[in-house]
Amino acid sequence: MKDLRCFLLICFFGFSLNAQSLEVVYGVSTELALTKEQLEKIPAQIRENYKQSFKNLKYIKFRLQINDQESLFKMQESMENEALRGFAFTKIVAGFSGTYYSNSQEDICLNQKNAFGRDFIISSKMSSIKWQLSKEQKTIKGFKVYKATGFETIKNNSGEHEISIIAWYTPEINLAFGPANYVNLPGLILELKRNRNTYTVESIEEKEVIEIEKPSKGKQVTQAEFEEIGAKVMKNLGSN
């Protein structure tokens, strides 16, 4: 039995240290945005649809493909899921719309998405988030993970807000990628908490080769330029 454990450990560390092409699947969970008292004030049919959309989250999966210096992250499509009641709202709740590309050699992150009736590629740097590393640790899927905290500023109709990002990464998989464009840590991110949503790894599969295509369809803009376009669109809608 002892020899078997040693063999499994050797196989495990061999995978974690040498794998350069991986396919990682994440699930998502969230906290309800409305309190029980607020829900009771909503018409029954709308309330049930709201609750159902959150229950549907268990069917949402995100896939992260990694090939040494590049990664590609997006929601997995499923015709069966699309038929579920309230699934359109479920996808909004799940977050991370579009395709996310990162390249550690070029220090770039791209988010390809359709918004305001157009295709955009929103560009930023991998090093844009300044992570604060801590010694706090736990175990996820058998991997020892460490906590890192970062901050980002978002703009919406109510103004500018700073939100906290909590990532749990493992140095045992020395690839600086994770969900969406949350990257540039000394190891793969196995869990990410952003606002009410938590993205947790469900499976990690080693691949021989993964071909990753850099997004190219859409107008390339910075995050600030994209937010400015959105503000103009909303202003025009409000004036009509």
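Sequential numbering from 1 along the given sequence is applied to the chain's residues.
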Quiz prompt | Exceeds 12 heavy-atom contacts within 6.0 angstrom, atom NZ of Lys138 | solution =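 Yes, NZ of Lys138 has more than 12 neighbouring heavy atoms, counting only those of other groups under 6.0 Å.
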Exercise. Can you establish whether the number of heavy atoms outside Glu162 located under 6.0 Å from its atom CD is more than 12?
Key: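 Counting neighbours around CD of Glu162, more than 12 heavy atoms of other residues, nucleotides or ligands fall under 6.0 Å, so yes.
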Just wondering, do [Y] and [X] contact through their side chains at under 4.5 Å, heavy atoms?
X	Y	answer
Trp168	Lys193	no
Leu188	Phe143	no
Ile163	Glu152	yes
Phe226	Asn111	no
Asn56	Phe89	no
Gln223	Ser124	no
Ser128	Asn181	no
Tyr100	Pro179	no

Could you tell me which non-hydrogen atom of [X] sits nearest to which non-hydrogen atom of [Y], and how far apart they are?
X	Y	answer
Ala148	Leu185	CB-CD2, 3.7 Å
Gly230	Phe116	CA-CZ, 3.3 Å
Tyr26	Gly178	OH-CA, 4.0 Å
Thr139	Val145	N-CG2, 4.4 Å
Ser104	Met126	CA-SD, 3.2 Å
Thr149	Ser164	CG2-OG, 3.8 Å

Exercise. State which residues pass side-chain hydrogen bond (donor to acceptor under 3.5 Å, both in side chains) with Gln69; sequence neighbours excluded, sorted by chain then number.
Key: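 Gln69 satisfies side-chain hydrogen bond (donor to acceptor under 3.5 Å, both in side chains) with no other residue.
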Self-check item: Pairing residues for Ser97 by the side-chain hydrogen bond (donor to acceptor under 3.5 Å, both in side chains) criterion, not counting sequence neighbours
Solution: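 Per chain and number, Ser97 pairs via side-chain hydrogen bond (donor to acceptor under 3.5 Å, both in side chains) with no residue.
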With hydrophobic residues grouped by side-chain heavy-atom distances under 4.5 Å, do [X] and [Y] end up in a single group?
X	Y	result
Ile121	Val221	no
Val25	Ile140	no
Val28	Val93	yes
Ile210	Ile189	no
Phe120	Leu72	no

Point-to-point distance, once rounded to the nearest 0.5 Å, from [atom1] of [X] to [atom2] of [Y]:
X	Y	atom1	atom2	value
Ile165	Phe151	CD1	CZ	9.5 Å
Leu110	Ile108	CG	CD1	4.5 Å
Ile166	Glu191	CD1	CD	9.0 Å
Gln52	Leu57	CD	CG	10.5 Å
Lys141	Thr200	NZ	OG1	9.5 Å
Thr30	Phe54	OG1	CZ	5.5 Å

Quiz item: Applying salt bridge (charged side-chain N to carboxylate O under 4.0 Å, His left out), which residue pairs with at least one partner in residues 212-234 are found, sequence neighbours left out?
Solution: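 Qualifying pairs, neighbours excluded: Glu106-Lys214, Asp119-Lys217, Glu228-Lys232.
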Self-check item: Pairing of Arg63 and Glu205 as salt bridge, 4.0 angstrom limit
Solution: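 Salt bridge: no.
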Quiz prompt | Phe96 and Phe62 aromatic ring geometry - parallel, tilted or perpendicular at 30°/60° bounds | solution =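 Perpendicular.
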Quiz item: Is a donor on one side and an acceptor on the other found under 3.5 Å between the side chain of Asn103 and the backbone of Asp107?
Solution: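 Not confirmed, Asn103 side chain does not pair with Asp107 backbone.
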Quiz item: If only atom types and distance count, is the side chain of Asn195 paired as donor or acceptor with the main-chain N or O of Asn197 below 3.5 Å?
Solution: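 Not at all, since once roles are kept as given, no pair shorter than 3.5 Å links the two residues.
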Quiz item: Between Ser127 and Asn184, is any side-chain donor less than 3.5 angstrom from a side-chain acceptor?
Solution: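 Distance-only check fails for Ser127 and Asn184.
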Practice problem: Run through Glu202, Glu77, Gln76 and flag the one making a side chain to side chain donor-acceptor pair (under 3.5 Å) with Lys61. | Solution: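 Per the side chain to side chain donor-acceptor pair (under 3.5 Å) rule, the option paired with Lys61 is Glu202, out of Glu202, Glu77, Gln76.
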Self-check item: Intermediate values then yes/no, side-chain contact (heavy atoms from CB on, under 4.5 Å), Ser134 and Lys147
Solution: CA-CA 6 Å; Ser134 79; Lys147 185 179 181 180; 3.5 Å; yes
